[in-house]
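Notes for the one structure printed next.
As the structure lists them, so they are numbered: ligands from 1, and atoms in each ligand from 1.
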Amino acid sequence: MNELGRLEDLPQDYRDELKQLNLVPLWPSLRGVLPPHIPTRNTRATAWAYKDIKPLLLKAGELTPIEKAERRVLVLANPGHGLEKMQASAAMYLGMQLLLPGEWAPSHRHTPNAVRMIVEGEGAYTTVDGEKCPMSRGDLILTPTGLWHEHGHDGTEPVVWLDVLDLPLVYYMEASYHINGERQTVQAGQGDRVYARGGLLPTPVFERSRRAYPMLRYPWVEARAALLAMATDKPEQEAVQLTYVNPETGDDVENILGFYALMLRPGQTLRLPARSPACVFHIIEGAAEVTVQEQQFALAEADTCCAPGYTAVTLRNVRADQSTFIFMADESPLHRKLGVYEVRA
Ligand code: GTQ
């Protein structure tokens, strides 16, 4: 490859004049912004153990009242991006949120899209766009861009969930902001019941729903049952995997990030090819060993890790006699829409 000229090769007065005029020569930086064959990635393979997070989150519950936090969250920050950036990857943000019995996290809406994967506890709910979405372990609840959402808790134990947002991307776009609102009036009806049966769409007087986000809660009982049915129906099939989709369109549930549930059969090892988007793995049930290049993470229930894009990942169910269930989030809707999505052999 050709050696390109360096900044230092240019006379100082020329460099000074460029700087004065807000001009920059490309050639000293060309290889930096367009590296050969594979992008430079700040995202580092990183794991966060729930046993480390939980006591600190409960401590935050003592130290900071909900009124002083609005959202009581410890952010799972990737050191490769700098912790203060609060990024798991280029486009993904991860946070563990605690809500204590009787607490209320007030209504707001914002431009970034969010989902919550419930980790532990019963009795909490999120009201999204007037729909009260009860939270149980493994449920996925969407709070897409622009929809009002607030969290409440009528139970007796702390509730913890994993927030996944496309905040880093929306912030980078200089398009991130929020608006505070009033407590929502809960409307009757629940999308997860209406859309619970695959292949059957509600069409009152031949009208399809016009809502961009017709289904806001994806109960774990349904996803788990679907995975088990798939595993039984296709015993020869290696990857037992579901994508969370919009039931009206079949598209990914949100515009930027994709969400999936995966089942590893007892003792199974699954190799995922290198793909351009970064990926997050969170154990809903069971335990898995996750290998990302030379790094290996032993993930127990409720643990989370992330892998950079363009990197192969191997998942191994360490349980020989039981299945392991994994929630995944990635940046593939974004990569596909932008035309940069790649799978490498
Ligand atoms: O629960 O609305 O982790 O607005 C970050 C920003 C959670 C939320 C986060 C948020 C929320």
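Note: His151 and His153 fail the aromatic proximity criterion, with ring centroids not under 6.0 Å apart.
Atoms of ligand 1 found under 4.0 Å from any heavy atom of Arg116 (numbered from 1 in listed order, with element): 1 (O), 2 (O), 8 (C). Close approach of ligand 1 to Val73 (heavy-atom distance below 4.0 Å) involves ligand atoms 3 (O). Heavy-atom proximity to Asp163, at under 4.0 Å, picks out these atoms of ligand 1: 3 (O), 7 (C), 9 (C). Of all atoms in ligand 1, numbered sequentially from 1 with element shown, those under 4.0 Å from a heavy atom of His151 are 1 (O), 2 (O), 8 (C). With ligand atoms numbered from 1 in the order given, ligand 1 contributes 1 (O), 7 (C) to contacts under 4.0 Å with heavy atoms of Gln97.
When the heavy-atom distances from atom 6 (C) of ligand 1 to Thr126, Leu165, Leu76 are ranked, the shortest goes to Leu165. Here atom 4 (O) of ligand 1 lies nearest to His108 when heavy atoms of Glu150, His108, His149 are compared.
Here the heavy atom of the protein found nearest to atom 10 (C) of ligand 1 is His110 NE2, 4.0 Å. Closest to atom 8 (C) of ligand 1 among all protein heavy atoms lies Arg71 NE, 2.9 Å. Nearest protein heavy-atom contact of atom 5 (C) of ligand 1 is Tyr93 OH, 3.5 Å.
For Glu3 and Arg6, the salt-bridge test fails: no basic side-chain N is under 4.0 Å from an acidic carboxylate O. A salt bridge links Asp330 with Arg275: the closest approach of a Lys/Arg side-chain nitrogen to an acidic carboxylate oxygen falls below 4.0 angstrom. For Arg137 and Glu301, the salt-bridge test passes: some basic side-chain N is under 4.0 Å from an acidic carboxylate O. We find that Glu103 and Arg72 are joined by a salt bridge, their nearest charged nitrogen and carboxylate oxygen being less than 4.0 Å apart.
Taking hydrophobic clusters as Ile, Leu, Val, Met, Phe, Trp and Tyr residues chained together by side-chain heavy-atom distances below 4.5 Å, Leu242 shares a cluster with Leu142. Leu216 and Trp148 end up in different hydrophobic clusters when Ile, Leu, Val, Met, Phe, Trp and Tyr side chains are linked at under 4.5 Å.
Under the ring pair (Phe, Tyr, Trp, His ring centres under 6.0 Å) rule, Tyr244 has a single partner from Tyr195, Tyr218, Tyr213, which is Tyr218.
Using a 4.0 Å heavy-atom cutoff, His178 is absent from the residues neighbouring ligand 1.
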